[in-house]
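Here is the structure we will look at.
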Amino acid sequence: MNTGAASPFPGWTIIDVDHASSTNDLAAREAPWTVVRARRQSAGRGRQNRAWVSSEGGLWLSAVLPSPPPEPAAATAPLVVGLAAARALDGLGARPLRLRWPNDLMVDDKKLGGILAERPAPDRVVVGLGINVLNDPERDDASLVGQTTSLARLGLAGLSLGDLSAAILDALYRTHAVWVGRGFLALLPDFEALWGPPRPVCVTVDQTTVSGRFLGIDAVGNPRIETASGAVQVIYGPRVWQLIET
Ligand code: BTN
């Protein structure tokens, strides 16, 4: 039935489920511009197949985006989603927020959320986004104690998951339009302030580790690291196993 009311999610088709193993798996079967949201996930996963604790109260959603040829979408997609989520969260008053390359939403040194981009078919990319809201991952997994935060802890316990989703999907729709219309380069300046001041990091690539200060990203999203000698090393992002702030 068409009630005549404007959708709070213009441009998107929303599929809500009570429970999913992983919303990324459900979204992988859907067409571009579909979003799958679950109240909880039993096998949520993060980058490098790490477990992602997803009990009720958090935002667990996966959006299907059309891959923008010819850009290497898998490499820049999590960054684009991170930028969109950061814009939306800032608009909702979640501060101080920063990004940690490649896929973490951070408040100081605590993780508020993460992004997992996967490419189930050449023509689309699934971007999964998890944000701690009323849930407490540290209660579910003791190994996370001291490492996470939530919107509730930032004073936003009253924010509904519906309003949060709407703000994020609106920002993602707009940011995606710039990404495909003008290219990743057009978004680059917007990232600068989001990385925060250069932080000491250790980057594991293949069998080696590069230590230095994280300066930001290059034109295609690769991390730029200033080593102790003062040289700036650009590390090929898809080969990075992990980046740890030290
Ligand atoms: C990370 O920080 O490594 C990424 C975490 C991504 C979690 C989200 S929750 C919704 C979607 N479904 C998943 O299984 N993972 C992503």
Side-chain angles (χ1 to χ4, degrees), residues 44-48 50-55 57-61 75-117 127-157 159 161 164-165 167-168 171-172 175 187-204 210-217 221-226 235 237 240-246:
R45 61 176 180 274
R47 201 163 171 264
Q48 314 297 11
R50 293 186 192 102
W52 180 262
V53 176
S54 341
S55 51
L59 181 71
W60 323 124
L61 68 73
T76 52
L79 297 167
V80 171
V81 179
L83 174 61
R87 285 171 166 167
L89 288 164
D90 184 67
L92 294 166
R95 301 191 192 114
L97 192 80
R98 70 179 175 98
L99 295 178
R100 181 172 66 188
W101 190 94
N103 63 335
D104 294 336
L105 297 162
M106 304 291 294
V107 175
D108 300 323
D109 59 349
K110 310 254 193 266
K111 186 155 166 166
L112 174 69
I115 293 144
L116 175 67
V127 287
L129 174 68
I131 296 182
N132 301 319
V133 185
L134 295 174
N135 62 308
D136 180 0
E138 301 182 19
R139 206 174 39 213
D140 301 325
D141 179 351
S143 72
L144 297 174
V145 168
Q147 296 178 39
T148 73
T149 190
S150 65
L151 291 179
R153 284 198 214 161
L154 295 178
L156 294 172
L159 185 64
L161 294 182
L164 178 59
S165 311
I168 287 173
L172 182 54
T175 309
L187 296 170
L188 210 51
D190 294 359
F191 281 96
E192 269 160 34
L194 283 171
W195 301 123
R199 284 183 162 74
V201 292
C202 256
V203 186
T204 310
V210 178
S211 300
R213 294 193 316 151
F214 178 83
L215 298 183
I217 52 177
N222 294 313
R224 298 171 59 243
I225 309 295
E226 182 190 47
I235 301 181
V240 172
W241 171 254
Q242 66 177 5
L243 177 148
I244 298 174
E245 291 176 346
T246 52

Backbone N/O of Thr148 and side chain of Glu138: donor-acceptor pair under 3.5 Å = yes
task = Please answer whether the main-chain N or O of Ser150 pairs with a side-chain N or O of Asn132 as donor and acceptor at a distance below 3.5 Å.
result = no
Nearest heavy atoms of [X] and [Y], plus distance in Å:
{"X": "Ser55", "Y": "Asp140", "result": "OG-OD2, 2.7 Å"}
{"X": "Trp241", "Y": "Gln48", "result": "O-NE2, 2.8 Å"}
{"X": "Val133", "Y": "Gly57", "result": "CB-O, 3.2 Å"}
{"X": "Pro223", "Y": "Gly237", "result": "CD-CA, 4.1 Å"}
{"X": "Pro137", "Y": "Val53", "result": "CA-CG1, 4.3 Å"}
{"X": "Ala84", "Y": "Ala171", "result": "O-CB, 3.4 Å"}

key: side chain to side chain contact (heavy atoms under 4.5 Å, CB included) between Leu61 and Ser165, worked out   = CA-CA 8 Å; Leu61 68 73; Ser165 311; 4.3 Å; yes
query = Would Leu161 and Leu134 satisfy side chain to side chain contact (heavy atoms under 4.5 Å, CB included), going step by step from the backbone distance to the final call?
reply = CA-CA 10 Å; Leu161 294 182; Leu134 295 174; over 6 Å; no
Flag the pair [X] / [Y] as yes when at least one side-chain heavy-atom distance between them is below 4.5 Å, and no otherwise.
{"X": "Val203", "Y": "Phe214", "value": "no"}
{"X": "Leu215", "Y": "Trp195", "value": "no"}
{"X": "Val107", "Y": "Leu97", "value": "yes"}
{"X": "Leu105", "Y": "Leu99", "value": "yes"}
{"X": "Asp108", "Y": "Pro96", "value": "yes"}
{"X": "Val240", "Y": "Trp101", "value": "yes"}
{"X": "Trp60", "Y": "Asn135", "value": "yes"}
{"X": "Leu151", "Y": "Leu164", "value": "yes"}

key: NZ/NE/NH1/NH2 to OD/OE distance under 4.0 Å, Arg47 and Asp104   =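 Not counted as a salt bridge, because no side-chain N and carboxylate O are separated by less than 4.0 Å.
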Any residue meeting side-chain hydrogen bond (donor to acceptor under 3.5 Å, both in side chains) with Glu245, in chain and number order, not counting sequence neighbours =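 So Glu245 forms a side-chain hydrogen bond (donor to acceptor under 3.5 Å, both in side chains) with Arg98.
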Distance from [X] atom [atom1] to [Y] atom [atom2], nearest 0.5 Å?
{"X": "Arg100", "Y": "Asp109", "atom1": "CZ", "atom2": "CG", "answer": "9.0 Å"}
{"X": "Thr149", "Y": "Asp136", "atom1": "OG1", "atom2": "CG", "answer": "9.0 Å"}
{"X": "Ile235", "Y": "Ile225", "atom1": "CD1", "atom2": "CD1", "answer": "5.0 Å"}
{"X": "Leu59", "Y": "Ile168", "atom1": "CG", "atom2": "CD1", "answer": "5.5 Å"}
{"X": "Leu156", "Y": "Leu89", "atom1": "CG", "atom2": "CG", "answer": "8.5 Å"}
{"X": "Lys110", "Y": "Gln147", "atom1": "NZ", "atom2": "CD", "answer": "8.5 Å"}

ask   = Given Ile217 and Asn222, is the side chain to side chain contact (heavy atoms under 4.5 Å, CB included) satisfied, shown in steps?
value = CA-CA 5 Å; Ile217 52 177; Asn222 294 313; over 6 Å; no
